[in-house]
Amino acid sequence: MESILKSSTEKPVIYLTGFGPFSGFSVNASDAAVSLVVKTNLASDLGVRLVSETLDVDYCQTQNIVPQRWSSLKPKLVVHVGVAGSATKLTLEEQACNNGYSCLDINRACPPNLCCIPGGKDVIRSSLPLAAIAEAINKNANIRLKCQLSQDPGKYLCSYVYYTSLNKDASRSVFVHVPPLEVSSAEDTAQALSEAITLLYKAVLQADDTASAEENRTSETQCAALSNGVMVQEKSCQESVSLLENGNSQCTENAPRSNGKACGKSPPDSVGECVEQMKELEVTSST
């Protein structure tokens with residue numbers, strides 16, 4: 001398991017968590033699956049730094065650690081994993097709630113006011129394409145554990161850690177519930193989980209590329225508009241200088257115009273002076 005303290009800016013980070021033991025689960029299936037995923041070639045196949053961590057089933061620890069990881073790791077993707085006693089499939093949770101955390105953690109404590117983030121939204125949904133990812137997993141004949149969606153992650157540490165990350169960035173966060181080891185082996189769960197992480201990471205990359213392309217198009221449009229405005233301004237100035245050189249001194253009719261108004265000044269001696277006159281006119285016209 002890679003050290004959390006290792007500093008690296010060379011590769012994008014995927015932050016992957018499981019949970020430790022708690023009542024009814026002496027060995028947590030989430031931690032068993034995460035441990036196996038880390039041992040695969042997933043990180044090298046995706047070209048990422050895979051940072052994994054086992055969280056205690058503890059509200060206070062979760063609220064302290066997870067925001068720190070967001071700050072220090074700046075992850076491209078965050079995948080939290082937990083066990084659900086009733087699960088029979090890999091379950092992609094679509095949302096998490098902010099309130100109602102009345103179940104005691106392993107230290108017999110609840111969060112203050114039974115709330116995750118004071119003043120936060122009641123519900124936050126992941127913006128990742130979870131339905132498409134579940135469908136892709138189910139179409140893969142090599143994946144032995146099938147996948148489903150859920151809108152009810154419960155009101156315990158699973159939902160609590162999920163809301164914490166969704167509040168940081170809903171476009172990079174997901175929670176996955178896995179079945180108990182009696183229902184699905186750690187190997188089968190890890191296989192399905194690895195496939196889910198692969199598809200999730202590719203979805204994040206695609207969304208980032210789309211956002212970057214849109215930002216570039218917006219910048220290019222703004223630059224083109226600015227360039228066009230400068231060209232029009234220079235053309236007007238050059239025409240005025242040409243009129244001056246030809247002996248035409250009718251400034252009010254022929255000198256550069258701004259917002260449909262004549263310059264009202266002596267004809268400029270140069271293009272640079274002309275531009276300054278136009279800037280003065282634009283300021284005057286806007287006040």
Side-chain angles (χ1 to χ4, degrees), residues 1-2 11-20 25 27-55 75-96 125-154 158-159 161-162 165-166 170-209:
M1 184 176 295
E2 184 174 349
K11 295 180 180 179
V13 172
I14 294 178
Y15 178 49
L16 176 63
T17 72
F19 278 110
F25 297 95
V27 178
N28 195 311
S30 68
D31 195 44
V34 166
S35 296
L36 290 180
V37 169
V38 172
K39 295 176 182 178
T40 68
N41 295 325
L42 181 65
S44 58
D45 290 345
L46 295 179
V48 302
R49 177 185 166 210
L50 182 61
V51 178
S52 67
E53 186 168 18
T54 301
L55 300 174
K76 197 81 166 176
L77 173 67
V78 171
V79 181
H80 298 299
V81 188
V83 64
S86 60
T88 58
K89 298 179 180 180
L90 193 78
T91 305
L92 306 182
E93 298 291 350
E94 296 184 286
Q95 62 185 32
R125 293 179 60 87
S126 174
S127 59
L128 288 164
L130 301 183
I133 288 169
E135 182 179 1
I137 291 173
N138 290 333
K139 286 182 177 179
N140 189 334
N142 295 321
I143 304 298
R144 293 180 289 276
L145 181 63
K146 297 307 177 183
C147 188
Q148 66 182 5
L149 301 179
S150 166
Q151 295 187 356
D152 184 12
C158 292
S159 180
V161 72
Y162 192 19
S165 282
L166 288 171
S171 69
R172 302 181 189 278
S173 303
V174 69
F175 190 95
V176 182
H177 264 128
V178 300
L181 293 173
E182 296 78 15
V183 176
S184 175
S185 69
E187 290 77 14
D188 285 354
T189 300
Q191 179 198 37
L193 181 58
S194 293
E195 180 67 11
I197 293 171
T198 298
L199 295 172
L200 287 161
Y201 182 67
K202 290 180 178 179
V204 168
L205 290 183
Q206 184 176 10
D208 285 350
D209 288 345

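One is the number of the first residue; the rest follow in order along the sequence. Computation of the quantities below employed the complete heavy-atom set of this structure, encompassing side-chain atoms and omitting hydrogens, waters and symmetry-equivalent molecules.
- Remark: Ser165 pairs with Val66, Trp70, Val78, His80, Ser173 by the side-chain contact (heavy atoms from CB on, under 4.5 Å) rule, at least two apart or across chains.
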- Message: Before you tell me yes or no, could you show the steps for Leu166 and Gln95 under side-chain contact (heavy atoms from CB on, under 4.5 Å), namely the whole-Å CA-CA distance, both residues' side-chain angles and the distance that decides it to 0.1 Å?
- Response: CA-CA 8 Å; Leu166 288 171; Gln95 62 185 32; 5.5 Å; no
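- Without hydrogens or angle criteria, Asp31 side chain to Thr54 main chain gives no donor-acceptor distance under 3.5 Å.
- With a 4.5 Å cut-off on side-chain heavy atoms, Lys146 and Thr88 do not count as touching.
- Looking at residues two or more places apart in sequence or on another chain, you find a side chain to side chain donor-acceptor pair (under 3.5 Å) between Ser150 and Glu93.
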Would you tabulate the side-chain donor-acceptor contacts of residues 186-194 under 3.5 Å, counting partners in other chains and residues two or more places apart, or write 'none'?
{"residue": "Asp188", "atom": "OD1", "partner": "Arg144", "partner atom": "NE", "Å": "2.5"}
{"residue": "Asp188", "atom": "OD1", "partner": "Arg144", "partner atom": "NH2", "Å": "3.0"}
{"residue": "Thr189", "atom": "OG1", "partner": "Ser184", "partner atom": "OG", "Å": "2.9"}
{"residue": "Thr189", "atom": "OG1", "partner": "Ser185", "partner atom": "O", "Å": "3.1"}
{"residue": "Gln191", "atom": "OE1", "partner": "Arg144", "partner atom": "N", "Å": "3.2"}
{"residue": "Gln191", "atom": "NE2", "partner": "Asn142", "partner atom": "O", "Å": "2.7"}
{"residue": "Ser194", "atom": "OG", "partner": "Ala190", "partner atom": "O", "Å": "2.9"}

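- Scored by the ring pair (Phe, Tyr, Trp, His ring centres under 6.0 Å) test, Tyr201 finds no partners at all (sequence neighbours excluded).
- Residues Ser52 and Val38 approach most closely at OG-CG2, 3.4 Å, considering heavy atoms.
- Asp152 meets the salt bridge (Lys or Arg N to Asp or Glu O under 4.0 Å) test with no other residue; sequence neighbours excluded.
- With hydrogens and angles disregarded, a donor-acceptor distance shorter than 3.5 Å links the side chain of Ser127 to the backbone of Ala170.
- Atoms CG and CG, from Leu128 and Leu200 in turn, are 6.0 Å apart once rounded to the nearest 0.5 Å.
- With sequence neighbours excluded, the residues forming a side-chain contact (heavy atoms from CB on, under 4.5 Å) with Glu182 are Pro180, listed by chain and number.
- Qualifying side chain to side chain donor-acceptor pair (under 3.5 Å) partners for Glu135, counting only residues two or more places apart in sequence or in other chains: Lys139.
- Asn28 and Gly20 get closest at one heavy-atom pair: ND2-O, 2.9 Å.
- Scanning all heavy atoms of the two residues, the minimum distance from Gly154 to Ser159 falls at O-CB, 3.1 Å.
- In terms of the salt bridge (Lys or Arg N to Asp or Glu O under 4.0 Å) criterion, residue partners of Glu94 (sequence neighbours excluded) are, by chain and number, Arg125.
- Remark: Gln206 CD is loosely packed, at most 12 non-hydrogen atoms of other residues, nucleotides or ligands lying under 6.0 Å away.
- By the side-chain contact (heavy atoms from CB on, under 4.5 Å) test, Cys147 is found to be paired with Leu90, Leu92, Ala134, Ile137, Asn138, residues two or more places apart in sequence or in another chain being considered.
- In this structure, Gly82 and Phe19 approach most closely via the heavy-atom pair CA-CD1, 4.1 Å.
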- Should Val48 and Leu77 be marked as a side-chain contact (heavy atoms from CB on, under 4.5 Å) after you check the CA-CA gap, both sets of side-chain angles, and the distance that decides it? CA-CA 10 Å; Val48 302; Leu77 173 67; over 6 Å; no
- Intermediate values then yes/no, side-chain contact (heavy atoms from CB on, under 4.5 Å), Leu16 and Val81: CA-CA 8 Å; Leu16 176 63; Val81 188; 3.9 Å; yes
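- Taking each heavy atom of Ala136 and Leu199 in turn, the nearest pair found is CB-CD1, 3.8 Å.
- With sequence neighbours excluded, no residue satisfies side chain to side chain donor-acceptor pair (under 3.5 Å) with Lys89.
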- Take Phe25 and Ser30 through the side-chain contact (heavy atoms from CB on, under 4.5 Å) test and state the conclusion after the steps. CA-CA 10 Å; Phe25 297 95; Ser30 68; over 6 Å; no
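- Here the CZ-OG1 distance, from Phe175 to Thr17, works out to 7.0 Å after rounding to the nearest 0.5 Å.
- Remark: the backbone N or O of Val174 is not paired with any side-chain donor or acceptor of Ser126 at under 3.5 angstrom.
- The two residues His177 and Cys158 come nearest to each other via the heavy atoms NE2-SG, 3.3 Å.
- A 6.0 Å sphere centred on NZ of Lys202 holds no more than 12 heavy atoms belonging to other residues, nucleotides or ligands.
- Between Val204 and Pro12 the shortest side-chain heavy-atom distance does not fall below 4.5 Å.
- Among residues two or more places apart in sequence or in another chain, the salt bridge (Lys or Arg N to Asp or Glu O under 4.0 Å) test is passed with Lys39 by none.
- For Thr198, there are no side chain to side chain donor-acceptor pair (under 3.5 Å) partners at least two apart in sequence or on another chain.
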